[in-house]
Amino acid sequence: MSIRTRFAPSPTGYLHIGGVRTALFNWLLAKQAGGQFILRIDDTDAQRNVGEALQPILDGFRWLGIDWDEGPEIGGPHEPYFQSQRLDKYQAAAKKLLDSGHAYRDYATTAEVTAEREAAEKEKREFVYSRKWMAETDKQAAAFEAEGRSCVVRLKMPRDGVCRIDDLIRGEVDFEWAREQDHVIQRADGTCLYHLATVVDDHDFEITHVVRAVEHLSNTPRQVFIAQSLGYELPQYAHIPFVAEPGSKNKLSKRKIDKYLNNKDFKRLYQSGAAVAEQIGQAVDPSTFNPVLVDFYRDIGFLPDALVNYLLLLGWSLDGETEEFSREEMLKQFSLDRVVKSEASFDPQKLTAFQGRYMNRFHLKHKAKMCTGFLEKAGLVSAPIECEELAYLKQILEAADDRIGMAGDILNFDTFFVADDDLEFEEKPFAKRLLKPDQAGFLLGEFRKLLATTPEFVASDLEQVLHGFCETHGIQPGDIIHAIRVAVTGKAAGFGLFDTLEVLGRERCVNRIELALSELEKRRGQTVE
RNA sequence: GGCCCCUUCGUCUAGCGGUCUAGGACUCCGGCCUUUCACGCCGGCAACACGGGUUCGAGUCCCGUAGGGGUCACCA
């Protein structure tokens, strides 16, 4: 029988990276064996805009290259894949459990059950429902109804023995049945609850391996009970550790972003993203723009392969040495038995390092394509980009080499794209390199003249020109190079100066130096006053 | 609190009784390269939670303790 796995997101409007990690393991396990990976939508909680809240999740998976064989938008042989459209199946299952005596109608009010629970707590005794309001016959039910009570359906859990779960990752785990509660599986309004639904669906969809986060481990006995009572064959369970917060072992949560921002690495990641977002005019509302969510990475120009590779290693390793896995390699090598048992903290720096490696190896052509979107959104090139601009971008990318860690980093080179008149000089480098050195203005002026007359405006020649210039004036290259960089780019850092000059071209270099000089004059005047 | 899970450098991990003076990666710190910023290269700091067993021998097996986490809904 072929392996069938599933990932079952609730339509919440975002894709959590911890969820992606779980989905990835499921996907890998199924696809490597030629099986199917199914996406099922857990929307029994019923909100209105399921479609709207689902789209970002589907988009996220598509971006990551995690494709599903059955599920929303593509359907499949077990349609529908939305729990909200399968309610009748759950009700049928509930009825079956009722009929077979594995569940019962319970007429207790919430207050009555709560009272029992609290009493048990007070006496420091384990709570087990008294089943006082249990109705196993129609006659009993009628009596309760005559009192004006309504009922829910509860599981009639065993009160002795042990539930042994054979977990592919944790081995055998025992739970005493007596400690399990008579969980509600159907509400008073007739709708059914998650645990019933998930068991029914997993069976209907012929899921062979349930790979999910450990927080579900303690829920498993009741699901086993439901499945067995319904006569289902049990799937293989594999409870993987969850993805934890940076610097702690708590579960990574989107809502705690404020706390994570106190972590310096997390903050750095967030800020580099926020800088990009700001330049392209994207909102940085933490509910959507958040390093815990996949969209964040897409929006600032990460490579999906880098994210996936990082996530793969968060809780799994091949040999402790190999770190880079292409999709083919991970499909070939992945195995559940090498999944780590303990929770793994999310490490923004390591993720960034993976991204850097992947980006460096990325083809210039593709890099240009990725960067184009950011330049367009920032209004630095025409939208859509024109041929000349694209060629210009490629020149910059070539010179920038591995200084583009993520596509959004192209915006660090924004001054290459602005009109000369709009060039702004960064305050500190301008002061340090132009304002402070007495000679800077004079040297810059002289160098500008030289640039205006240099026959070939190419990097190698320009380097010669500069060296000659230094000799004439009896200075070291370092005495003038920084000033030139600030003058033509407005910034202290960038790629090689001669490449910078060549890329900008003679006219702009000359213009910008002139601009810098007049700015210098202006400021010198101010300081004198 | 009950139950369950987990515990090797700051972080991700290798290790399945001797080859461990514990390996790799990220970070960090030096150095080299260098016109800046990066990259790259070389080097360095840094861990078996603790206590008992078992054994000739324990990071590796067993039992405790401690710590961390999860779960205990008419949420998913």
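Values reported hereafter were calculated over all heavy atoms of this structure, with side chains retained and with hydrogens, waters and symmetry mates removed.
- Contact annotation: A/Asn250 side-chain N/O to B/rG69 OP1/OP2 distance is under 4.0 Å.
- Heavy-atom contacts from other residues, nucleotides or ligands closer than 6.0 Å to NZ of A/Lys341 number 12 or fewer.
- Among the nucleotides B/rU36, B/rG69, B/rC4, the one closest to any side-chain atom of A/Arg403 is B/rU36.
- Phosphate proximity of B/rG2 to A/Arg125: absent, as no side-chain N or O sits under 4.0 Å from OP1 or OP2.
- A donor-acceptor contact under 3.5 Å links the side chain of A/His195 to the base of B/rA76.
- Using a 3.5 Å distance cut-off with no hydrogens or angles, the side chains of A/Thr220 and A/Arg212 do pair a donor with an acceptor.
- Counting only residues at least two apart or on different chains, the salt bridge (Lys or Arg N to Asp or Glu O under 4.0 Å) pairs with a member in residues 176-192 of chain A are A/Glu126-A/Arg179, A/Arg131-A/Asp182, A/Arg159-A/Asp182, A/Glu176-A/Arg179.
- Looking at the side chain of A/Glu343, the nearest of the listed nucleotides B/rA25, B/rG10, B/rG68 is B/rG68.
- Within the 4.0 Å cut-off from OP1 or OP2 of B/rA14, at least one side-chain nitrogen or oxygen of A/Ser317 is found.
- Atom-to-atom, CZ of A/Arg170 to P of B/rG69 comes out at 16 Å; the value is rounded to the nearest Å.
- Side-chain N/O atoms of A/Ser218 include none lying less than 4.0 angstrom from OP1 or OP2 on B/rG70.
- Aromatic ring orientation, A/His102 versus A/Phe225: perpendicular (interplanar angle above 60°, classes split at 30° and 60°).
- A heavy atom lying under 4.0 Å from RNA chain B marks the following residues of residues 458-485 of chain A, by number: A/Ile481, A/His482, A/Arg485.
- The phosphate of B/rC6 has neither OP1 nor OP2 within less than 4.0 Å of any side-chain N or O from A/Lys251.
- Between B/rG15 and A/Arg338, a contact under 4.0 Å exists linking OP1 or OP2 to a side-chain N or O.
- Along RNA chain B, the nucleotide nearest A/Arg222 and the nucleotide nearest A/Val173 are compared for position; the residue whose nucleotide lies closer to the 5' end is A/Val173.
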